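Comments concern the structure below.
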Amino acid sequence: MQDTGVHLRDVTKSFGAVDVIRGVDMDIPRGQFAVFVGPSGCGKSTLLRMIAGLEDTSDGQIAIGARDVTHEDPADRGVAMVFQSYALYPHLSVFENMAFSLRLAKRPRVEVDEKVRRAAGILKLSDHLDKKPAQLSGGQRQRVAIGRAIVRAPDVFLFDEPLSNLDAELRVQMRLELARLHKQLGATMIYVTHDQVEAMTLADTIFVLQGGHVQQHGAPLDLYDDPSNRFVAGFIGSPSMNFFEATVAGHTKDGITAQLAGQPDQSFDIPLRHRPEQGTVLVLGMRPEHLMVTAAGGMRVTVDVAEELGGVSYQHGTLEGGEAVIFQQTGARHGMHGTVQTVTPELARIFVFDKSGDRVR
Amino acid sequence: MTAKRARNLAFSAIVLIAAAIWIFPLYWALTTSLRSENRIISDAGVLIDELNFSAYIDVLSTSKLPLWYLNSVGTSVIITVIVLLTGMMCAYALSQLRFPGRQTLYLLVVASFMVPVPALYVAQFVLMNDLDMVNTWWGIILPQLIVPVVVIVYKQFFDAIPREMREAVLLDGGGEFVLLFKLYLPLNWGITAALAIITFISAWNNFFWPFLVVTSEDMMTIPVGITQVTDAFGVAYARMMALALLAAAPVIIGYLIFQRRVTEAVMISAGVKG
Ligand SMILES: Nc1ncnc2c1ncn2[C@@H]1O[C@H](COP(=O)(O)OP(=O)(O)OP(=O)(O)O)[C@@H](O)[C@H]1O
Ligand SMILES: [Mg+2]
């Protein structure tokens with residue numbers, strides 16, 4: 001089977017004087033599910049639309065498989081896109097919406113009928129083929145939009161926040177269906193989302209974008225367990241990682257002793273291969289689930305809000321120095337709201353960043 | 001409750017009276033056309049107490065009314081079709097295509113809207129004369145093909161169509177023609193119908209231009225033809241009214257069929273003009 005992966009080489013995009021995408025390289029192998037995440041305005045949609053051919057590429061090269069498509073028309077690239085707003089054709093029935101591209105390609109009637117009905121079967125739309133989009137629920141509309149993509153049998157599916165207009169329950173359901181669909185079709189998929197859970201559960205590879213750069217890419221758990229900079233560490237994971245300023249107080253056999261800024265009694269022996277000089281200012285990152293409530297000797301946290309989710313709870317509070325901190329409790333049922341707790345981090349799970357935000361390992 | 005009812009009744013009464021005043025001339029034309037010429041002069045009653053169709057028969061058999069009908073229908077239909085097609089395409093280009101001079105072009109269209117049409121009659125007549133189009137359908141049609149309102153209205157409606165819908169068509173393999181005729185036009189059938197109606201009515205009712213450019217009785221449109229009848233018959237009220245009613249009939253029937261659309265159309269064009 002031919003390669004239908006997506007390969008970007010030093011791709012840039014500027015709108016007038018504004019550089020939105022600045023030199024992005026990426027390789028998404030055939031059949032992979034890639035997810036773009038990043039803060040609002042970081043260029044996720046723009047990059048996706050460039051791959052679709054809906055935006056010109058200012059510089060660099062976009063290839064699908066071995067084919068350079070940088071300057072090809074959207075329809076010739078073998079990509080299909082599902083929009084956040086669905087963008088269904090309101091005047092056409094569900095059937096005609098899905099058949100639109102085939103009709104334009106002048107496919108024989110039998111083939112159109114067969115392909116549309118098969119896609120409708122996969123998406124459980126068979127009973128709705130004669131309805132107009134306005135007569136469908138949000139979830140059904142989203143399925144029609146996906147059906148319109150499937151019918152074209154594209155090499156690459158592009159999704160721009162496809163589930164963000166759905167309510168929570170439907171979102172979970174559609175997420176599972178998308179995962180199933182990906183297995184079933186085996187096509188390359190690129191998916192833009194704001195939703196951590198969607199990114200973590202759907203992705204083979206997550207690309208974290210910021211300011212028009214790919215900050216890091218990798219398997220979801222690799223990004224979670226081993227972020228390469230402070231931005232990625234803070235962006236992946238919800239609630240996000242706690243960051244505290246610290247200085248190197250001394251070196252140990254296999255790491256450093258780091259002292260929290262403004263709290264001389266709080267120091268941690270952290271295993272590290274590269275040991276920064278004594279006195280270096282660092283940032284320590286600790287995930288909420290790696291902060292344990294201990295009897296004494298830890299960091300004192302005044303809990304001001306407790307989010308109880310049943311299985312787990314997130315305790316939001318402040319350290320003595322005023323730094324915000326979140327820690328996680330599992331199975332606990334004693335309301336910590338308003339109390340002072342002492343928490344201790346798992347030393348091996350502390351992430352160390354230098355002042356510029358790069359990871360120190 | 002009763003106060004509210006009373007107010008409603010009073011309101012209905014006022015509306016009814018206004019409607020009666022408004023419709024009276026039409027009604028009078030009808031009664032007049034159904035009387036004999038002699039009776040009209042001796043007795044100016046307004047009741048339908050006579051069903052005398054001689055005026056209609058006379059008008060239909062002695063004047064060139066059938067020919068005028070044909071000319072009116074023909075020119076109005078051609079004008080409507082061309083105006084809508086060109087207006088739609090122009091609006092599409094101004095709304096969706098990106099090319100240098102687009103803004104200027106749109107301003108020109110808007111500006112042409114400010115030129116009073118009668119100001120151009122002399123120039124247009126000279127032009128038609130030079131083109132040898134006096135006393136032809138094209139002579140009647142050509143100057144009426146410039147209707148900036150159509151462009152402006154279409155552009156506003158095209159502007160409102162979400163960009164993603166357009167992009168979906170591009171990804172599905174459609175080009176500009178597919179976009180216009182399979183997306184933008186079908187999404188705007190309502191406004192197209194409305195624009196068709198106002199364009200048709202204004203072409204149908206247009207008197208002065210056809211009156212200038214046509215001198216041969218065979219090429220006249222109905223409004224121009226009516227003046228001929230008056231001349232030919234002297235003061236022939238019954239026949240005049242019969243002819244006027246026959247001329248208005250298609251418009252009235254059309255209005256009854258498309259009532260809602262016409263109201264919409266008038267409101268939209270008033271919105272743009274006002
Ligand atoms: N047509 C355009 N003209 C000018 N600037 C644009 C255009 N499209 C996008 N931008 C700018 O490019 C940047 C990236 O936009 P983009 O839509 O890709 O962000 P995003 O990552 O998808 O954000 P979100 O998560 O909010 O959807 C933004 O700063 C935006 O203002
Ligand atoms: Mg976006």
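The analysis underlying the following values was restricted to heavy atoms, covering all of them including side chains, and did not include hydrogens, waters or symmetry mates. Within every chain, numbering begins at 1; the chains are lettered A, B, ... in the order of the sequence lines, protein sequences first and strands thereafter. Keep in mind it's a predicted model, so treat the numbers as computed, not measured.
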Are there more than 12 heavy atoms of other residues, nucleotides or ligands under 6.0 Å from atom CZ of B/Phe207?
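Enclosed.
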Side chains of A/Thr205 and A/Gln32: is there a donor and an acceptor less than 3.5 Å apart?
yes
Closest heavy-atom pair, B/Asp172 versus A/Leu104, reported as atoms and distance to 0.1 Å, is O-CD1, 3.8 Å
Looking at every heavy atom in both A/Pro162 and A/Val192, which two are closest together, and how far apart are they?
CD-O, 4.0 Å
When heavy-atom pairs shorter than 4.5 Å are enumerated against chain A, which of B/Met165, B/Glu167, B/Lys182 gives the highest number?
B/Glu167
So, the part of A/Leu92 with a heavy atom under 4.5 Å from chain B: the answer is neither
Structural part of A/Val79 lying under 4.5 Å from a heavy atom of chain B
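Both backbone and side chain.
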Do the side chains of [Y] and [X] get nearer than 4.5 Å, heavy atoms only?
X: A/Tyr89; Y: B/Val169; answer: yes
X: A/Leu163; Y: A/Glu198; answer: yes
X: A/Thr188; Y: A/Phe157; answer: no

Could you list which of residues 35-44 of chain A have a heavy atom closer than 4.5 Å to any heavy atom of chain B, in residue-number order?
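Listed by number: none.
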Could you look at B/Arg166 and say if it's the side chain, the backbone, both or neither that has a heavy atom under 4.5 Å from chain A?
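For B/Arg166, neither part sits under 4.5 Å from chain A.
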